[in-house]
Amino acid sequence: MASAAARSFVFRQHINTCRLDFASCLNIKSFYSSYSANPKEKSPEHYTQYHEVSSDNWKFVERLKPPTVVPSFPKNGSYFSDWTPPPDTPPNLPYFVKRTKNFMVPVYLNFEAIRNQRKITMVKHIEGDIWAMEKDIKSHLEEVTKRPVVSQVHEVGMYIKFRGDYALHVKKWLLNAGF
Amino acid sequence: MATKIINKTVTEFSLRITRCFFVPSKAIQTNAALFQERSETSITNVAEQLLPTIRPPLPIIYSRKLAFPPKFKAVRQAWVSNMDTVEEEKLGLIDLHPEVFAERPRVDIIHENVRWQQLYRHVSYANTKVKYEVRGGGRKPRPQKGSGRSRHGSIRSPIWRGGGIVHGPRSPTPYFYMLSFNARLNGLRSTLSAKLAQDDLHIVDSLDIPTDDPSYLEKLVEERGWGPAVLFVDDNDIMPLNITAASDVHGHYNLMPVYGLNVHSMLKHHTLVLTLAAVERIEERLLFHLNRNDAAEAGRKYKLDSL
């Protein structure tokens with residue numbers, strides 16, 4: 001008994017010595033450590049009412065949470081943007097370009113600059129004969145833009161870079177090719 | 001999920017499975033009748049005086065569901081072996097996801113991972129004294145003018161012999177840095193793929209061995225040609241008693257839970273032996289990180305302000 005009182009005294013002391021900046025303006029609820037110091041429970045009408053709902057309502061909470069894994073795209077066929085879904089069969093070519101996990105075509109426009117803003121178009125996730133792919137895309141770009149195109153083939157990282165902003169052209173080419 | 005082998009004892013007669021030796025050139029016959037019983041009487045024929053392993057007809061494990069089934073990449077397959085006997089018995093064939101086990105091995109990423117693992121915990125304790133730390137050198141050696149010699153402020157300046165070192169090592173110097181999340185993820189993928197491609201990856205049903213004799217493990221590894229150093233990986237971090245006792249003696253047979261799997265250990269040990277549960281867990285985790293909706297969260301745990 002005495003030890004419990006001593007402990008509660010020590011505990012209350014500890015609370016009082018904790019200084020909080022907003023303590024002076026707000027009324028912070030104290031946490032009493034002994035039963036006798038606590039305010040006693042009142043009859044139910046003094047407290048807010050509550051009622052239990054069905055656990056089926058959890059689905060309203062669940063649908064607010066974002067999915068942990070990228071969900072699959074709807075297969076109804078009508079898409080309002082330029083996006084087309086990845087095909088079910090791969091095209092008959094010696095190379096393949098895999099879509100990203102968000103089902104987008106892996107073409108990126110980078111600004112790799114040391115002094116001037118140099119625009120680089122990058123195609124990633126390439127599998128197969130990367131040199132054949134580079135030849136095909138390069139010839140297409142030179143046909144479209146009527147000027148020479150500089151490219152880099154990175155065989156280890158399996159990506160191709162083109163110097164210039166050809167992102168839209170490359171994307172269109174890939175979609176037409178069937179990737 | 002991982003299927004466990006249930007050793008059934010039949011009361012009327014004992015099933016004795018004939019040893020199945022690995023024959024790469026011939027087609028493996030998976031006819032169940034091939035592994036049916038022969039009425040052998042004596043148990044003492046077994047070399048190690050072990051009880052005969054009783055098994056239901058093979059193949060026991062023959063299917064596995066892949067998460068995020070690959071669209072155009074061929075699924076890889078691997079045998080599932082046992083650990084009950086010294087000789088290898090193939091319990092079945094399972095599918096392995098190509099995104100985890102058949103990725104193009106990026107040697108540069110593997111190197112990055114090994115370098116990081118060796119370096120992030122390295123602290124250099126080499127130390128040299130700076131001029132104010134070297135004993136002495138507080139007094140001006142000679143007056144500024146008059147002696148005809150060069151002017152100096154202290155005998156411990158860096159241009160003096162025995163003086164302080166300017167840009168020398170300063171103890172303790174940490175070499176801590178965090179490799180990016182995707183570099184570590186792709187390091188695991190590349191190493192697992194390389195191990196499978198080089199026949200250094202084996203899958204077993206579980207790590208339960210019949211005896212805690214260290215020589216059992218030696219003979220097993222020797223018989224199967226698993227290489228000098230073997231890394232056994234299981235999903236659980238509390239391993240069965242027998243294999244723990246048997247491998248404790250040998251420094252080159254190591255047990256590891258899946259969460260400890262790393263590129264350096266996989267390369268250091270010649271052979272990697274995964275249990276079915278470990279394969280499931282590894283695939284589930286790696287494929288989740290490859291397909292997760294919030295990729296930025298993956299690296300946030302170890303993101304440091306100063307790096």
Side-chain angles (χ1 to χ4, degrees), chain A residues 61-75 83-106 108 110 112 122-134 152-161 174-175 177-179, chain B residues 65-76 97-115 179-191 193-194 197 263 280-301:
Chain A
V61 175
E62 266 195 324
R63 70 182 192 186
L64 290 170
K65 287 166 29 180
T68 47
V69 165
V70 176
S72 185
F73 50 88
K75 296 191 174 53
W83 182 82
T84 50
D88 289 323
T89 53
N92 188 20
L93 291 162
Y95 41 82
F96 182 73
V97 176
K98 191 172 176 291
R99 295 272 182 120
T100 65
K101 66 168 176 264
N102 289 310
F103 311 107
M104 296 183 70
V105 172
Y108 306 94
N110 297 334
E112 292 168 23
M122 186 171 170
V123 186
K124 286 172 68 176
H125 303 313
I126 300 168
E127 289 153 24
D129 191 351
I130 193 168
W131 288 101
M133 181 179 195
E134 186 249 357
Q152 180 205 1
V153 170
H154 199 276
E155 285 174 322
V156 176
M158 290 303 266
Y159 60 78
I160 302 171
K161 286 186 178 175
L174 284 169
L175 290 169
F179 292 117
Chain B
K65 191 173 173 295
L66 290 182
F68 306 101
K71 236 171 142 182
F72 306 131
K73 269 188 167 175
V75 165
R76 302 304 194 261
H97 202 291
E99 297 255 294
V100 174
F101 289 99
E103 198 55 33
R104 205 180 151 97
R106 284 283 298 268
V107 187
D108 59 326
I109 294 181
I110 294 173
H111 170 260
E112 267 178 23
N113 273 269
V114 172
R115 182 183 185 266
L179 203 58
S180 60
F181 181 82
N182 283 325
R184 285 178 273 135
L185 178 72
N186 291 326
L188 285 173
R189 289 166 80 199
S190 287
T191 323
S193 308
V263 172
E280 288 281 347
R281 175 73 79 178
I282 289 168
E283 272 201 13
E284 184 252 317
R285 288 276 84 210
L286 292 187
L287 288 170
F288 166 66
H289 286 301
L290 289 169
N291 290 287
R292 63 189 297 171
N293 206 13
D294 52 351
E297 274 302 313
R300 196 153 293 161
K301 201 169 167 190

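So you know, we letter chains A, B, ... as the sequences are listed, proteins then strands, and number each from 1.
Looking only at heavy-atom pairs under 4.5 Å with chain B, the residue among A:P71, A:P90, A:P66 that has the most is A:P90.
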Could you show, one pair per line, the donor-acceptor contacts under 3.5 Å between chain A and chain B?
from, atom 1, to, atom 2, distance (Å)
A:P67, O, B:N293, ND2, 3.0
A:T68, O, B:N293, N, 2.9
A:V70, N, B:N291, O, 3.0
A:P87, O, B:K71, NZ, 3.0
A:E155, O, B:R104, NH2, 3.4

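Partners of A:W131 under the ring-ring contact (aromatic ring centres under 6.0 Å, His included) rule, at least two apart in sequence or in another chain, do not exist in this structure. Residues forming a ring-ring contact (aromatic ring centres under 6.0 Å, His included) with A:F73 (at least two apart in sequence, or on another chain): A:W83, A:F103. In this view, B:F72 and A:F96 satisfy the ring-ring contact (aromatic ring centres under 6.0 Å, His included) rule, not counting sequence neighbours.
Contact annotation for B:L290: only backbone heavy atoms (N, CA, C, O) come within less than 4.5 Å of a heavy atom of chain A.
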